[in-house]
2 protein chains.
Amino acid sequence: MQGGWGDGYIAVDWGTSNRRAYRVDAGGAMLQEMQDDRGVTKLAPGTYPDEIADLRRRLGPLPLVLAGMVGSNRGWHQAPYIPCPAGAADLCAGVLWPQEDVALLPGVSFAQKGNFDVMRGEELQLLGAAAAGFLPADVLVCHPGTHTKWAHCTDGRIDNFQTSMTGELFALLCHHSILADRLQGAVAVGEDFDAGVAYALKANPLDALFGIRARYLLKGPPRNDAAYVSGLLIGSDIRRGLDQALPVAVMGGPALTELYARAFALAGQTVACIDGAKAFLAGVRLVVERL
Amino acid sequence: MQGGWGDGYIAVDWGTSNRRAYRVDAGGAMLQEMQDDRGVTKLAPGTYPDEIADLRRRLGPLPLVLAGMVGSNRGWHQAPYIPCPAGAADLCAGVLWPQEDVALLPGVSFAQKGNFDVMRGEELQLLGAAAAGFLPADVLVCHPGTHTKWAHCTDGRIDNFQTSMTGELFALLCHHSILADRLQGAVAVGEDFDAGVAYALKANPLDALFGIRARYLLKGPPRNDAAYVSGLLIGSDIRRGLDQALPVAVMGGPALTELYARAFALAGQTVACIDGAKAFLAGVRLVVERL
C-alpha cells in the first residue's frame, strides 16, 4: 500500500454497464454505498481521473480499490490475468497503481487442454465468500450474470472455472431476435419459468425457441414468454452443476440468484445462496489486508 | 385455376430477405431463373402489384404461383396455415388469389400437446421432393436455414415438424454479441467446423461460446471462430436427427446442405442430400396440376 488504509477505503465493483461503490471503514464495515450506470463502456480511458475525484467527493477522501472491467482492455488500464489456481496473495501480486492510493486489481484466467476462460470482478467475490466462511472448502460456485461464471473453489483458491453466456443470450433474444416482441414481460419465478426449466432439463432448449413465435401465431394459450425463455436458458445452464458430487452455491444479485436457485430446486438439488455484495466487500478486505 | 397454365408459369419462392423466381414451361421444365434481395421485409403490402408486373416483364406474361413469407402477416396477403398432416390437395384448398392468375399458397402448421410450429415455403419443397421420388416413403427431412425445419414426412404428406432457430442464433452471435468481431470469417467445412460439431455432440454447445473470447484474449492458437461456432450450433441441431431409426435427408441450398451433411457424417450417420430448388419446382408443379 502506497498510501494508507487507516481511515478506511472506497471499494468499487466497476463493470461493463454499471458500477457499485462502497465506503468501508478501517475495520471493514460498510458505511455508505452507491450505484450508477457509469460502466466502462460509457467512459473513455482519459476520464477515469475525473471519475476517481468524483467518487471521492461523494464517498470521502479515501484510497480506492477498483475491481472488474475497469482493469480490462475496455477500461482504464489493462491489469493482468492471474492464472488458476488463484488465491488472494496471487491477486495482490498483480495489482496496478494507476494513481497513488488507487489499486486496480487483476482478473483471473484459466487455460488447460484447449479450454480458455477469463473473469474480472467475480474473483473477489469468490475469494471473499471463501474467506468469510460463506462457502464449504470444496464447492462449485455459480455466479449468474451477463456472463455466468461457474467456479470450482477449494481451500480459498479458485481452481478452475468456465463462463456461460446465458445472460447475454437472453438479451440477444430479447432485443434482436424474431422473438423480441414476445419477450418484453418481466421475468420472475412462476409457472412459465418453471416450464422452461423443465424443458431444458430433458431436451435441447434451443429446440423450444421458435415454438414461442408459432404458439403466438396459432393463438395458443397465453404465457409469459420472457419468463419461459429465462427458464429455458437457466435450466440449460444449471445442468453443469448437477450430479457433480460437489455442493453448489449461487452467488450474485438477489433476482438472478433466486431464479438459479429455483431452477436447481426443480432439478432436485439444494443450493446455498450468497449475497454477492457482501462477498465482494469481504474480497476487497482480504486484498486490502495484503497490500 | 382462374387463368390457364397452358403457356407455363412463373414460380416464386418469396422469403423474408430474398426471393427466387423461375419461368417454367407447361411441361414443368425450368427455362429461366432469377434471384434478388426483394424479400418481404423490404416491401410494403401496396407494392406487390408493381412487383408482380415487374416479374412478368422480366420472366414473361404468365400466371404466377407465390410461396413463402409473401403469404404471411409480413407479406402481401395472409394465407392460412394448413394443419398437419398436410399433402398437396390440402395446400391447394388454402390457396388465395390476390389477383387473377396469381396463386398465393398457404403455409403449414403443427399443434399438438402444447407444441406449436409453422412453416411457409418449405412445405412445397417437402411435398415436391416426395412427389419427385427424391425421398423414401418414411423420412426425416432437415431443411436448414435461418429457421431450420425438421419434418417427418410419410407417403407424400408432412406429418409433423419442428423448427430450430439455428441460423438466426448464428446471425445474432455474429452481428450483436460480444463475440461479433471474432465471427467475421467465412464458414466452410474444415478442422474448426469439425471441432465445433464434436463439442456439441457430447456437451452443451452454449458452454463453449465465451471461451472463444477468452481464447483470443489469452492468445490461444488461431482458429476460424465463425466455422467453429457454426459447427457448435449445427452439431447441436442435428442431435435431433440421430438415433431416430428413420432415414434422414438434408434439403436446401448447397452450402448449408454440405455443412449439415458433414455434421451428420461426424456423428456417424449417412444422409441423402437434395437440391432445394429442384424440390421447390417439383412442389409448384404438384400444386399447379391440382389448381
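Bear in mind that the values here come from a model prediction, so they are computed numbers and not experimental data. Values below: every heavy atom of this structure, side chains too, minus hydrogens, waters and symmetry copies. A, B, ... follow the sequence lines: proteins, then strands. Residue 1 opens every chain.
Considering only heavy atoms from C-beta on, A/Phe193 comes within 4.5 Å of A/Ile234 through its side chain. You'll find the side chain of A/Leu201 reaches within 4.5 Å of the side chain of A/Leu242, heavy atoms only.
Taking both residues in full, the closest heavy atoms of B/Lys202 and B/Arg239 are given as N-NH1, 4.3 Å, listed atom of the first, atom of the second, then distance.
Heavy-atom pairs under 4.5 Å with chain A were tallied for B/Arg215, B/His176, B/Gln162; the largest tally goes to B/His176. For the set A/Ser177, A/Gly220, A/Ser236, the entry with the most heavy-atom pairs within less than 4.5 Å of chain B is A/Ser177. Interface check for chain B: of the options A/Ile178, A/Asp117, A/Leu209, the most heavy-atom pairs under 4.5 Å are formed by A/Ile178. Between chain B and the residues A/Thr146, A/Asp207, A/Val118, the largest count of heavy-atom pairs under 4.5 Å involves A/Asp207.
The only option from A/Leu233, A/Asp237, A/Leu206 that meets the side-chain contact (heavy atoms from CB on, under 4.5 Å) definition with A/Leu169 turns out to be A/Leu233. Residue B/Met119 forms a side-chain contact (heavy atoms from CB on, under 4.5 Å) with just one option from B/Leu126, B/Leu124, B/Thr163, and that option is B/Leu126. None of B/Phe280, B/Tyr48, B/Trp76 except one satisfies the ring pair (Phe, Tyr, Trp, His ring centres under 6.0 Å) rule with B/Trp14; the exception is B/Tyr48.
Between the B/Asn224 side chain and the B/Asp192 main chain, no donor and acceptor come within less than 3.5 Å of each other.
For B/Arg74, the part sitting under 4.5 Å from any heavy atom of chain A is the side chain, from C-beta outward, and nothing else. Neither the backbone nor the side chain of B/Asn115 comes within contact range of chain A; no heavy atoms are under 4.5 Å apart. Proximity to chain B (any heavy atom under 4.5 Å) is restricted, for A/Arg213, to the side chain, taken from C-beta onward. A/Leu217 touches chain B through its side chain: at least one heavy atom from C-beta onward sits under 4.5 Å away, while N, CA, C and O do not. When heavy atoms are compared at a cutoff of 4.5 Å, A/His147 approaches chain B solely by way of its side chain, counted from C-beta outward. Proximity to chain A is limited to the side chain of B/Lys149, based on heavy atoms less than 4.5 angstrom apart. The part of A/Phe110 that comes within reach of chain B is its backbone (N, CA, C, O), which places non-hydrogen atoms under 4.5 angstrom from that chain.
Other residues, nucleotides and ligands place more than 12 heavy atoms under 6.0 Å from the CD atom of A/Gln244.
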